[in-house]
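Since the structure comes first, as structure tokens, the remarks are kept for the end.
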Number of protein chains: 2
Amino acid sequence: MARQARALATRQAVLVAAAEVFDERGYAAATMSEILDRAGVTKGALYFHFRSKEELALAVIEGQGVFISGWTPASDSPVQNLIDLGYAFARALQTDPLVRGSIRLTIEHGSFTQPQLAAYQGWMDTVRELLEHAREAGDLHPGVDLTAAAGVITGAVTGIQLSSQVLADRQDLVQRLSDLWTLLLPGLVQPHALARLSVAERA
Amino acid sequence: MARQARALATRQAVLVAAAEVFDERGYAAATMSEILDRAGVTKGALYFHFRSKEELALAVIEGQGVFISGWTPASDSPVQNLIDLGYAFARALQTDPLVRGSIRLTIEHGSFTQPQLAAYQGWMDTVRELLEHAREAGDLHPGVDLTAAAGVITGAVTGIQLSSQVLADRQDLVQRLSDLWTLLLPGLVQPHALARLSVAERA
DNA sequence: TAGGATGCCTACTGGACGGTATGCGTCCGC
DNA sequence: GCGGACGCATACCGTCCAGTAGGCATCCTA
């Protein structure tokens, strides 16, 4: 058991190091050597836990799923939950290497075709669900197409995140998210619901 | 002169092939061999025109600048021009390999650090300028922060484009842009200006 | 029509990369 | 207290890749 704990620790070290390198360099430019160095592990250890570079990348992408499933809505307002989810995601991007890495791998299409489609779809489904609840609560404008709105929101958040990463190393991500909601909410929710929302980040 | 024309043709063939491969595979995963094959050119020819892979990539990125400088506003409404610019960009993404390739290289940070920053900034400046004109025309809500709005719009368009690429090979890009404006404009422009705008694509 | 420049071709090189083979220490079950 | 599995270390291999060297044809100029 103590032995297994040690194994789990090296596996985790490899996973985190891989996520970091994938995040910084992308899949193709990331080298196993750098992952090895950063994890403080040898090749044999790595290939004992992961059979190939691709399997390692897929394992990193799983980290994203963990984040989604670990998040629970805190408010009774669906739209507020949507906003909060965005900020939770932003914070995870700033702190959790696994989320950072999985995002880059997800955005980088072509390396492996299926998983990132599923990841995108997962986010869109979550957003769509929150929007449906908002509609039932009577918060949304009547004309809003929920599927279209879910696509716009996920896409916009993705892009905001990306431009923030390129321009400011994600330092201003929270501010930019707040800007996004300020512009987006008037076209989405009705005035009476809008008044009850907090656009800024909430603890 | 006839000789120079031939040289120019091979240079262009290399550039287009490189843009395609960079678009499909990304910088690191793109190989010179594939570019060579697709261009129908030998290594010597390529390295006569471009001294390295990186220089080739930078040349592809230039194509984006050509697109920006080649576009001219057609409407007397600044916001309408903003919308139209988005659609022009979308069309270019669907048809022009150089624009496609340069976008992927721009989004893919880390390979070379400076140029994509400039590209982003160029877009944001253009958007900001149009927003300033819109403010002078009295079309915008008074409270709108122009810099923040420009950041949100460029980021959102980037993300919309990306998710459309991953999910639908950019087939639904125009539709998604229309969805974006539908949600975004109410928070940006005043009702009287909103009524005069055409959210859909215009010929 | 000589001769240099332009534009391109082919064969090659050195290095890095992902992955493997094999071996060795350590701990756990019996 | 011992045998086997677990967990890892190291040396190595084949492949592929960006880039180079040097030659050669075609054209432009004089």
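The sequence lines fix the lettering, A, B, ..., with proteins before strands; numbering per chain opens at 1.
For the pair Leu36(A) CG and dT10(D) P, the computed distance is 11 Å after rounding to whole Å. In this structure, Glu54(B) atom CD and dA18(D) atom P are separated by 13 Å, rounded to whole Å. As a whole-Å value, the separation of Glu55(A) CD from dG19(C) P is 10 Å. If you take CE of Met32(B) and P of dT13(C), they are 20 Å apart, rounded to a whole angstrom. Residue Ile35(B) contributes atom CD1, which lies 11 Å from atom C1' of dA18(D) at whole-angstrom precision. Atom-to-atom, CG of Leu46(A) to P of dG19(C) comes out at 10 Å; the value is rounded to the nearest Å. Straight-line distance from the CZ atom of Phe50(A) to the P atom of dC8(D): 11 Å, rounded to whole Å. In this structure, the CG atom of Leu8(A) is 14 Å from the C1' atom of dC6(D), given to the nearest Å.
Here the side chain of Lys53(A) is nearest to one of dA9(D), dG19(C), dC8(D), namely dG19(C). Nearest nucleotide to the side chain of Phe48(A), out of dG19(C), dG7(C), dC6(D): dC6(D). Closest to the side chain of Tyr47(B), from the set dC8(C), dG19(D), dC17(D), is dG19(D). In the set dC8(C), dC9(C), dT10(C), the nucleotide with an atom closest to the side chain of Lys43(B) is dT10(C). Which of dG18(C), dC8(D), dC9(C) sits closest to the side chain of Thr42(B) comes down to dC9(C). The listed nucleotides are dC8(C), dG19(D), dG19(C); the one nearest the side chain of Ser52(A) is dG19(C).
In this model, the phosphate group of dC8(C) is approached by a side-chain N or O of Thr10(B) to a distance below 4.0 Å at OP1 or OP2.
Backbone-only engagement by Ala30(B) is indicated by non-hydrogen atom pairs under 4.0 Å involving sugar-phosphate atoms exclusively. Residue Thr31(A) is in sugar-phosphate contact alone, with no base atom involved, counting any heavy-atom pair closer than 4.0 Å across all strands shown. Nucleic acid contact class of Ala9(B) (heavy atoms, under 4.0 Å, all strands): none.
A cation-pi arrangement is not found for Lys53(A) relative to Phe22(A), the charged atom failing to lie both closer than 6.0 Å to the ring centre and inside a 45° cone about the ring normal.
Ranked by how close their nearest DNA chain C nucleotide is to the 5' end, Gly44(A) and Gly40(B) are led by Gly40(B).
Taking the six-membered ring where tryptophan is involved, the planes of Phe89(A) and Trp123(A) are tilted, since the angle between them lies from 30° to 60°.
Looking only at side-chain heavy atoms (C-beta outward), Leu130(A) and Val79(A) stay at 4.5 Å or farther from each other.
No more than 12 heavy-atom neighbours from other residues, nucleotides or ligands sit within 6.0 angstrom of CZ on Arg51(A).
Residues Leu177(B) and Ile160(B) come closest through the heavy atom pair N-CG2, 4.4 Å.
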